[in-house]
Amino acid sequence: MAAGGNADWMGSLAPALSAFPLAHLAIPGSHDSFSYWVDEKSPVGPDQATAIKRLAKISLVKKLMKKWSVTQNLTFKEQLEGGIRYFDLRVSSKPGEVGQEIYFIHGLFGINVWDGLMEINTFLTEHPKEAIFLDFNHFYAMEDQHHIYLINRIQEAFGSKLCTMEYVENVTLRYLWEKSQQVLIFYHYPLYQEYPFLWPGNKMPAPWANTTNVHKLLQFLETTLGERAHHGTFHVSQAILTPRVKTIARYLIRGLKNTLVRRNLPLILNWVKTQKPGIMGVNIITSDFVELVDFAATVIALNNLLLEGHQAMTKS
């Protein structure tokens, strides 16, 4: 993925596409977006089973966990510059730590959320026509006060850039540009109801194949696209393979990237190239290690198909 090559792709789309609902555009996203850095020195996260927590007291175990916890190599800034606009976020408090600081988590703790939000906000300030989706979909060791703290931090980070809840089909790039809004927050916890800038999680369905088999994954993606709601939601196609316990045990040293991702990404990318955005088509597509192939550019290019269809309609 060429660094910076797609930093302004939304603002550079053909003008006609800025009037299409974002739910009809093809948008590249990343899976476990924050996992480019995890802390081997901190305790194992509360998202892990008790047996793993016990084993992780051995330092070598954490080093091996890192090989399977990391799903991205690029920082938020690098992903944004490469064209990624949807971020899959899992967060947790750190049990035993004083205060209410919240961290990203995937087996091991990542950076604190505030630092990530500030990095994202800096990019958005420099690229005012770009819009992003932040999907807070897993929470660990968090009570209401932790959520309130996190939500206040989100509001503090983005302020007037936050897009208030609206009919999904009303949200186009043109709509956002007119309001100088750039950030849609999806929050999978009941407190979303108390904040107008939080969208409910059910507006961002992300069916999960939970398979190591790339052919089963592609069939699942086709099936779930066919079942996509005609209106009222966005849609995430998770083009990712998930290791089983026996996969991890068998290829412990190799890690996720070298076991499942590197050899299957070309097949997944070929599937992406056959897709079309629009009603009942693809919307957001996520991947692991988004820089290993030309993932973002391939997804973005699908929007040309919408333009061709639009031009054909206006001529007829």
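As the structure is a prediction and not an experimental result, all values here were calculated from the model. Numbers here simply count residues along the sequence, with the first being 1.
Side-chain contact between His235 and Pro207 is present, with heavy atoms from C-beta onward closer than 4.5 Å. Arg85 places a side-chain heavy atom less than 4.5 Å from the side chain of Leu80. Counting heavy atoms from C-beta outward, Glu130 and Phe123 have side chains that approach closer than 4.5 Å. Annotation: side chain of Tyr36 is not in contact with side chain of Ser30 (no heavy-atom distance under 4.5 Å). Using a 4.5 Å cut-off on side-chain heavy atoms (C-beta onward), Phe20 and Leu13 make no contact.
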Show your working on side chain to side chain contact (heavy atoms under 4.5 Å, CB included) between Glu194 and Ile151 and close with a plain yes or no.
CA-CA 10 Å; Glu194 298 180 25; Ile151 293 165; over 6 Å; no
Would Ile102 and Ser93 satisfy side chain to side chain contact (heavy atoms under 4.5 Å, CB included), going step by step from the backbone distance to the final call?
CA-CA 5 Å; Ile102 306 298; Ser93 71; 4.3 Å; yes
So Tyr195 and Asn152, side-chain hydrogen bond (donor to acceptor under 3.5 Å, both in side chains) or not? Walk me through it.
CA-CA 10 Å; Tyr195 299 85; Asn152 287 337; 4.6 Å; no
Quick one: do Tyr86 and Phe234 satisfy ring pair (Phe, Tyr, Trp, His ring centres under 6.0 Å)? Show the steps, please.
CA-CA 11 Å; Tyr86 166 92; Phe234 298 92; 9.7 Å; no
side-chain hydrogen bond (donor to acceptor under 3.5 Å, both in side chains) assessment of His188 paired with Asn137:
CA-CA 5 Å; His188 299 239; Asn137 51 52; 5.1 Å; no
List the steps and the verdict of side chain to side chain contact (heavy atoms under 4.5 Å, CB included) for Leu267 and Leu217.
CA-CA 11 Å; Leu267 284 172; Leu217 167 65; over 6 Å; no
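Note: Phe87 and Phe76 have perpendicular aromatic rings, judged against thresholds of 30 and 60 degrees for the angle between ring planes.
The number of heavy-atom neighbours closer than 6.0 Å to CD1 of Ile279, taken from other residues, nucleotides and ligands shown, is 12 or below.
To the nearest 0.5 Å, atoms OG1 (Thr122) and CG (Leu117) are separated by 11.0 Å. A distance of 7.0 Å separates CG in Leu241 from OG1 in Thr211, rounded to the nearest 0.5 Å. Remark: Thr259 OG1 to Arg262 CZ distance equals 10.5 Å, nearest 0.5 Å. One finds the CG atom of Asn303 at 8.5 Å from the CE atom of Met10 (value rounded to the nearest 0.5 Å). Here the CG-CG distance, from Leu184 to Leu198, works out to 11.0 Å after rounding to the nearest 0.5 Å. Note that CD of Glu78 and CD1 of Ile84 are 12.0 Å apart. Values are rounded to the nearest 0.5 Å.
Scanning both residues, Ser237 and Val282, for their nearest heavy atoms gives OG-CG1, 4.4 Å.
If you chain together ILVMFWY residues whose side-chain heavy atoms come under 4.5 Å of each other, Trp114 ends up grouped with Met118. Through direct or relayed side-chain contacts under 4.5 Å between Ile, Leu, Val, Met, Phe, Trp and Tyr, Ile240 connects to Trp208.
A donor-acceptor pair under 3.5 Å is formed between the side chain of Glu169 and the backbone N or O of Gly232. A donor-acceptor distance shorter than 3.5 angstrom exists from the side chain of Gln72 to the backbone of Phe289, with no hydrogens or angles considered. Between the side chain of Asn283 and the backbone N or O of Leu25 there is at least one donor-acceptor pair closer than 3.5 Å. For Ser92 (side chain) and Ile105 (main-chain N/O), no donor-acceptor pair under 3.5 Å exists by modelled atom type. In this structure, Arg228 contributes its side chain and Gly281 its backbone to a donor-acceptor pair below 3.5 Å. Between the side chain of His106 and the main chain of Ser69, a donor-acceptor pair closer than 3.5 Å is present.
Trp68 is connected to Trp37 through a chain of hydrophobic side-chain contacts under 4.5 Å among Ile, Leu, Val, Met, Phe, Trp and Tyr, so both are in one cluster. Residues Leu306 and Met280 do not share a hydrophobic cluster, defined by chaining ILVMFWY side chains whose heavy atoms lie under 4.5 Å apart. Grouping the Ile, Leu, Val, Met, Phe, Trp and Tyr side chains by contacts below 4.5 angstrom, directly or via other members, places Ile284 apart from Phe220.
Between Arg174 and Glu178, none of the side-chain N atoms (NZ, or NE/NH1/NH2) sits under 4.0 Å from a carboxylate O, so this pair counts as no salt bridge. Salt bridge absent: Lys129 and Asp8 never bring a charged side-chain N and a carboxylate O closer than 4.0 Å. Salt bridge absent: Glu101 and Lys94 never bring a charged side-chain N and a carboxylate O closer than 4.0 Å.
Counting only N and O atoms by type, the side chains of Asp88 and His138 include no donor and acceptor under 3.5 Å apart.
For Phe139 and Tyr187, the gap between ring centers is short of 6.0 Å.
For Thr274, the side-chain contact (heavy atoms from CB on, under 4.5 Å) partners are Trp271, not counting sequence neighbours.
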